[in-house]
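Here, residue 1 is the first one in the sequence, and each next residue gets the next number. Just so you know, these numbers use all the heavy atoms, side chains as well, and skip hydrogens, waters and symmetry mates. For ligands, and for the atoms within them, numbers begin at 1 and follow the listed sequence.
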Amino acid sequence: MINVDSTLPKEAFVIPHHYYDDVESVLIPHGLILNRIEKVAQDIANDAQGSLIACCVLKGASVFYADLMNALRKAQTPDRKSIPFSYEFMKVKSYENDKSTGNVQISLSEDELKSYKGKHLLIVEDIVDTGRTMVALLERLKQYEPASVKVVSMLVKRTPESNGYVPDYFGFSVPDYFVVGYGLDYNEYFREMEHICIISDVGKVKYAV
Ligand code: 5GP
């Protein structure tokens, strides 16, 4: 369990000029994220029961997904075998501004879902907050009888709003702030920033819809 508790001063990092006032501080620097991903990929490889369908939950997990897939390509099972995997992408939306709408929309075609029967799925998510999105997604996927479904999330938020859901693998446990960067957005902004940062009040107002 990797608990991130404290923040780092943004002055100590390279932050894109256009976002400098829009973040409060750095929570997880990019280099630390990449290093942790190598270990998470190894943990996934240790448990792999065969070829995987690696399902990226768009758009937030896209950057994490790319780095995780690169690490998984190099990872080996305990008997020193590489793991075959294929790519899948799905859109799941539940937030507006920084508030959960409680209304989870999942965009998957019936054909895609039916092809999951008997397959090992690895769901790749950006952050588990209340857990509602993942529980809804897993509930839906179960109906299509995959052989197994495992979930890897880059972050898990420590929040009193949690429904108790914990993913099979995760990178970091983080405090209850709204975080942006490394694929995580605030109304589509900040995804391209490489560190995971805490958004500032200035940023929340500037990019509100
Ligand atoms: P949950 O259903 O677990 O409450 O929320 C999951 C989704 O909400 C995540 O996939 C993510 O898109 C969004 N989300 C939750 N917390 C944050 C956050 O701190 N920052 C960003 N950018 N998105 C978040």
Heteroatom distance test (D185, ligand 1): nitrogen or oxygen, under 3.5 angstrom: yes
Are any of the N/O atoms on L184, whether in the backbone or the side chain, positioned under 3.5 angstrom from an N/O atom of ligand 1? no
Tell me which part of M134 gets within contact of ligand 1: side chain, backbone, both or neither, using heavy atoms under 4.0 Å. neither
Determine whether a donor-acceptor pair (N or O, by modelled atom type, separation under 3.5 Å) exists between the side chain of Y65 and the backbone of A54. yes
Does V179, backbone or side chain, put an N or O under 3.5 Å from an N or O of ligand 1? yes
Closer than 4.0 angstrom: is that true for some heavy atom of G131 and an atom of ligand 1? yes
Can a non-hydrogen atom of F178 be found less than 4.0 Å from any atom of ligand 1? yes
Where does D126 meet ligand 1, judged by heavy-atom distances below 4.0 Å: at the side chain, the backbone, both, or neither? side chain
Is the contact between Y177 and ligand 1 made by the side chain, the backbone, both, or neither, using heavy atoms and a 4.0 Å cut-off? backbone
Ring-face cation contact, Y144 with K114, 6.0 Å cut, 45° max: no
Check this for me, if you would: do D22 and K206 make a salt bridge, where the nitrogen-to-carboxylate-oxygen distance has to be below 4.0 angstrom? yes
For the residue pair V128 and K157, establish whether any side-chain heavy-atom pair is separated by less than 4.5 Å. no
As a quick check of understanding, evaluate side-chain hydrogen bond (donor to acceptor under 3.5 Å, both in side chains) for E24 and Y177, giving each step before the final call. CA-CA 11 Å; E24 196 63 47; Y177 297 114; over 6 Å; no
By number and element, which atoms of ligand 1 are closer than 4.0 Å to a non-hydrogen atom of R132? 2 (O), 3 (O)
About how many Å separate CZ of R36 and CG of L68, when rounded to the nearest 0.5 Å? 11.0 Å
At under 4.0 Å between heavy atoms, is it the side chain or the backbone of K157 that contacts ligand 1, or both, or neither? side chain
M193, V205: one ILVMFWY side-chain cluster at the under-4.5 Å cut-off? no
Which atoms of ligand 1 sit under 4.0 Å from any heavy atom of E125? 10 (O)
Test: D5 and R158 ion pair at under 4.0 Å: yes
If the contact criterion is a heavy-atom separation under 4.0 Å, does F190 count as touching ligand 1? no
